[in-house]
Student: 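Could you have a look at this structure, given as structure tokens, before my questions?
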Amino acid sequence: MEATFLLTLLITFLASFIGYELISKIPQTLHTPLMSGSNAISGVTLIAAILIYPEVGESQVLKIIVLTAIAFATLNIVGGFSVTGRILEMFKKND
Amino acid sequence: MEATFLLTLLITFLASFIGYELISKIPQTLHTPLMSGSNAISGVTLIAAILIYPEVGESQVLKIIVLTAIAFATLNIVGGFSVTGRILEMFKKND
Amino acid sequence: MIEIILLVSSVLFIFALKLFGRPSTAHRANTFAMLAMALAVFSAFNFDFSNYDSAFYITIIVSGLLGVLISKRVQMTQMPELVGLFNGFGGGASGAIAYVELSKSTLPLSDYFVAIFSMVIGMFTFSGSIVAVLKLRGKLNNVNTTIANIFSAFLPPLILLPAIWESEILSLEYFMLLSLIAGIIRVAVIGGADMPVVIAFLNSLSGIAAMSAGFIVNSIILIIAGALVGASGIILTLLMCAAMNRTLLDVLKGGFGSKSINNEYDKDPISTSPEDVAIQLSYAESVIIVPGYGMAVAQAQSAVKELTNTLKDKNIEVKFAIHPVAGRMPGHMNVLLAEVDIDYEDMYTLEDINSEFSSTDVVIVLGANDVVNPLARTDEDSPIYGMPILDVDLAKQVIVIKRSMSPGYAGISNPLFINDNAKMLFADAKEGLEKIIKSFELV
Amino acid sequence: MIEIILLVSSVLFIFALKLFGRPSTAHRANTFAMLAMALAVFSAFNFDFSNYDSAFYITIIVSGLLGVLISKRVQMTQMPELVGLFNGFGGGASGAIAYVELSKSTLPLSDYFVAIFSMVIGMFTFSGSIVAVLKLRGKLNNVNTTIANIFSAFLPPLILLPAIWESEILSLEYFMLLSLIAGIIRVAVIGGADMPVVIAFLNSLSGIAAMSAGFIVNSIILIIAGALVGASGIILTLLMCAAMNRTLLDVLKGGFGSKSINNEYDKDPISTSPEDVAIQLSYAESVIIVPGYGMAVAQAQSAVKELTNTLKDKNIEVKFAIHPVAGRMPGHMNVLLAEVDIDYEDMYTLEDINSEFSSTDVVIVLGANDVVNPLARTDEDSPIYGMPILDVDLAKQVIVIKRSMSPGYAGISNPLFINDNAKMLFADAKEGLEKIIKSFELV
Ligand SMILES: NC(=O)c1ccc[n+]([C@@H]2O[C@H](COP(=O)([O-])OP(=O)(O)OC[C@H]3O[C@@H](n4cnc5c(N)ncnc54)[C@H](OP(=O)(O)O)[C@@H]3O)[C@@H](O)[C@H]2O)c1
Ligand SMILES: NC(=O)c1ccc[n+]([C@@H]2O[C@H](COP(=O)([O-])OP(=O)(O)OC[C@H]3O[C@@H](n4cnc5c(N)ncnc54)[C@H](OP(=O)(O)O)[C@@H]3O)[C@@H](O)[C@H]2O)c1
């Protein structure tokens, strides 16, 4: 989705605002899975890595750097969601 | 601000979501000013009237219709905010 | 530049809504929203004010002044009508704009459908709101639901009709007319005291109409503001429905309160006098006042304030218990009480106060009826069965101030009135209270 | 098509966050977020998977598998370290991407500054997180704050240095290095037990780095997801600071807990035995357990569960009082207790339970110290003065289970231990509890 800079700013504001409102309501009991969950979500930067990977060209150094970024981000996503799921299972049992 | 249709949809979703979250938290005591306040805000359609007014061309009928829309919307904005302000003053006094 | 103004305006609208969340900050919310609106409107001119003729500016100024005038004159008891009227204006404006856009032959197909939608919703809101206001003013009686049923049945063929004739322009006016009629009929069949729900619902529709107008003219700020109004209306609608234990569909179907229901009592109520009430109150330690629609009708709020002061001077604790649908619009009672400077900290919601009745000495039910009817708890056949009510019947002593034994909106008898712990003070709410206050001076 | 996928993905992310609001729906939130992420990542390929070589796919698969492995192996007591590590990865990835984009000579000026910002924040997060993890593992001691002060003082000239030499490329690596060093030094001077705040703060930064990466590659979904992470981190940071009555700036300045503070008692504590505790517990009607960092160190959660069962079998009411900064990360205690199937309905926050201590028979303080230190209420000179604490000293009987009289993280003595109503059970948390349980069988 292409957007003008100001429209992007607007969306940034709206998303941050929603984030702030929703997260303020999360009870203390879930703060640890919240942190590991946001770890996972911060791995979304993988998208940026995927987008730029085909453009790095010949430079082996840059390619390795992007691959490192991909490894880091993937670790975050997979590891983060998996451990968060593990924790939340514990809270589910109590239903 | 020009935007693609889907970006507009995204913004619509984000705004509705924020509206829903924030308004759910407004206490019963303020529900009447909330209604008159949203009356005022619904007058925002004045913007649309302003945008199309220069384009109606020669047709007197269309011109009168747009002027009616302008009158309605202005009434809403001015009347709505003014009466809401009056009500909220009452709640302020109690501080 | 225009874009930055619009960005600021959007942000301001949202912070305004956030500030609206607490009575102490709400007046600032109004200022924020006004500023946001001013910026948004200003930006629409795109710095070129020469495109607009004097007819335009005169219209703005005249209707602006009219708006100020109305808002200064309106009494707080008339708020339901005012909100209803403004809904109509909002819907009408958006509908009119959609009509004008549709009259252009250049509209792209995707916008075409949005515009039809906006016109239909806008016109429906307009005519429906006018009918709702007339009903609130008591100028219109309930219409039999069969008329609506017949109309609904014929709607599909009526909609398809333009496909048969050819002229596109004419079919536009035809759809407009259909929407107007639909609005009138739909609202006409709904019972008078369901009007608050209808008004909140129309409020939501006026927001949706504005939002779709935003899609047509490609204005993000219109979409955002419209979405906020739409959300607000729908939340209030659902809240009221929940407070009456009915569904929105059920309300919109209409016909509620038209059945004639048994309204007899197998026992005479105990009636009391203002003097007795004053004596009883002066021995109480805690009093809860439950205001209802009757307080608004009688304009009794100043008298309530006076009584409260009298009681507080005697060190008697006074609280107000406000049912979510007491009166004729959400928050109606709160505004009336706030008008006479009663602290909002003393106004309690149903959930907050219901457990306190049993430990309260005297409860004064002031022109309220359905919202304190214990049948809602016990009688499965009652039309209000399941509606959460204020449990005033659990108090040590209940005093009901109303003019007669006649029922409230739901049209059913209220066994509270013949309860052993209840006494009736048959009087207009205002006059009754004034007499009680006078008796205090003699006690 | 891609746009629709991204729209759905954004909506899913937001609903995921909403579902996260309640323990009973939170596991569905994770599924939603996973789906949202899968869609977002998928859309980035734009249906063209042939642009990617085997090195790319192998990296993804290997690191994915590694992620699963780590997440299955990690113990709940190690969560703080894991979160810290993942923050570092997230920041490092965003920083690396920014670096690669900056290496292109074609970047427009506006993006250039965003990219610099992203690289600096990302690299700072990376190195800072690594240091934070080492500190949590006890592999690094506090560094003197003067080092940080010197570095800060020299930072402006250091930043301006590249203006003097010419090569643009080199200055990029130079900035990267500066950011890495800044991260190390800043975190190194902060006391070990302030690491939770640092980690939440770095969490926020990793979100901001991702968000700015979104601005560079023009990806709305990256911006939205990044903003959500940024908001989450900052809220938790401020929450912890509030719970310790300190400011974020104060925490980041470092040096806390390095002063050597008087840690002597003018009275000997009353020590007790597991048998006595068991007897005392069996006469109680209500028990509150206050877990602290010591429970995590001793891995005592299963023993806690066992004791709870024993007490509940005897019809003794058991509640858990959890201070917002008990342990080494927000919600740390809750997760450990949930791990052994303790119902989250039995876990109470400070505000919810503080009024109940005075009517409780026995309070067991299990490896907690600072969060139950009454000096926070009374001693204005104390470093924890003003921090809201659990008022366990008001209970009828307090039993403190820890290994010695040594202080908690704040390094100060705790007069609770020599209170008249307190007894010390000197033992490792796990062993102590197990002995109590065994004594029960003999009682
Ligand atoms: N507020 C909302 O948003 C909303 C929304 C939807 C529906 N409703 C409906 O509206 C009703 C509201 O309940 P409510 O208890 O407030 O009102 P109510 O049940 O309609 O009863 C009002 C009572 O006030 C008395 N009254 C009228 N004029 C009076 C006067 N001048 N002095 C003293 N008493 C007077 C009437 O009895 P007399 O004639 O004997 O005096 C009547 O019984 C509920 O049925 C509710 O479902 C409200
Ligand atoms: N959770 C967070 O998010 C967070 C954030 C920022 C700061 N903090 C800080 O961390 C501290 C947390 O307070 P807290 O009360 O949980 O912990 P604490 O004050 O650090 O005290 C922990 C106590 O546990 C005892 N202990 C250690 N190992 C043990 C074992 N194996 N068995 C039994 N006891 C053991 C220690 O005493 P012995 O050595 O005598 O056994 C120590 O006194 C506070 O100062 C807080 O400000 C926490």
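Values in this document were obtained by computation on a predicted structure and should not be read as measured data. So that the names make sense, note that chain A is the first sequence line, chain B the second, and so on, each numbered from 1.
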Student: Among L69(C), N87(C), I216(C), V62(C), which residue forms the greatest number of heavy-atom pairs with chain B at distances under 4.5 Å?
Tutor: N87(C)
Student: Is the side chain of T32(B) donor-acceptor paired with the backbone N or O of H332(C) at a distance under 3.5 Å, no angle test?
Tutor: yes
Student: What's the shortest heavy-atom distance between V78(B) and G67(C), and which atoms?
Tutor: CG1-C, 4.3 Å
Student: On a heavy-atom basis, which atom in P54(B) and which in Y52(C) lie closest, and how many Å separate them?
Tutor: CG-OH, 3.5 Å
Student: Keeping N30(C) on the side-chain end and T84(B) on the backbone end, is there a donor-acceptor pair under 3.5 Å?
Tutor: no
Student: Side chain, backbone, both or neither: which part of I97(C) has a non-hydrogen atom closer than 4.5 Å to chain B?
Tutor: both
Student: Between R86(B), E55(B), K63(B), which residue shows the highest count of heavy-atom pairs closer than 4.5 Å to chain C?
Tutor: R86(B)
Student: So F56(C) and Y53(B), would you call those rings parallel, tilted or perpendicular, with 30° and 60° as cut-offs?
Tutor: tilted
Student: Side chain to side chain contact (heavy atoms under 4.5 Å, CB included) for V83(B) and M79(C)? Distances and angles first, verdict last.
Tutor: CA-CA 9 Å; V83(B) 79; M79(C) 279 307 295; 3.9 Å; yes
Student: Would you say N203(C) and S38(B) are linked by a side-chain donor-acceptor pair, where the criterion is simply a distance under 3.5 Å?
Tutor: yes
Student: Shortest non-hydrogen contact from S103(C) to L62(B)?
Tutor: OG-CD2, 3.7 Å
Student: Which residue out of S59(B), G43(B), A49(B) racks up the most heavy-atom pairs below 4.5 Å with chain C?
Tutor: A49(B)
Student: Shorter than 4.5 Å, heavy atoms on both sides: which option in L239(C), V74(C), V340(C), I199(C) has the most such pairs with chain B?
Tutor: V74(C)
Student: With sequence neighbours left out, write down each residue that passes ring-ring contact (aromatic ring centres under 6.0 Å, His included) with F72(B), or none if nothing qualifies.
Tutor: F89(C), F126(C)
Student: Starting from the C-alpha separation in whole Å, work towards a yes-or-no answer on side chain to side chain contact (heavy atoms under 4.5 Å, CB included) for F91(B) and H27(C).
Tutor: CA-CA 8 Å; F91(B) 285 97; H27(C) 63 278; over 6 Å; no
Student: Evaluate side chain to side chain contact (heavy atoms under 4.5 Å, CB included) for S232(C) paired with L34(B), printing each intermediate quantity in order.
Tutor: CA-CA 8 Å; S232(C) 151; L34(B) 172 62; 3.8 Å; yes
Student: Among I87(B), I70(B), I26(B), N76(B), who wins on heavy-atom pairs under 4.5 Å with chain C?
Tutor: N76(B)
Student: Taking every non-hydrogen pair under 4.5 Å, which of A16(C), S206(C), A40(C) racks up the most with chain B?
Tutor: A40(C)
Student: If you look at every heavy atom in V217(C) and I52(B), which pair is closest and at what distance?
Tutor: CG1-CG2, 3.9 Å
Student: Can you see which heavy atom on A26(C) is nearest to which on L30(B), and at what distance?
Tutor: CB-CD1, 4.0 Å
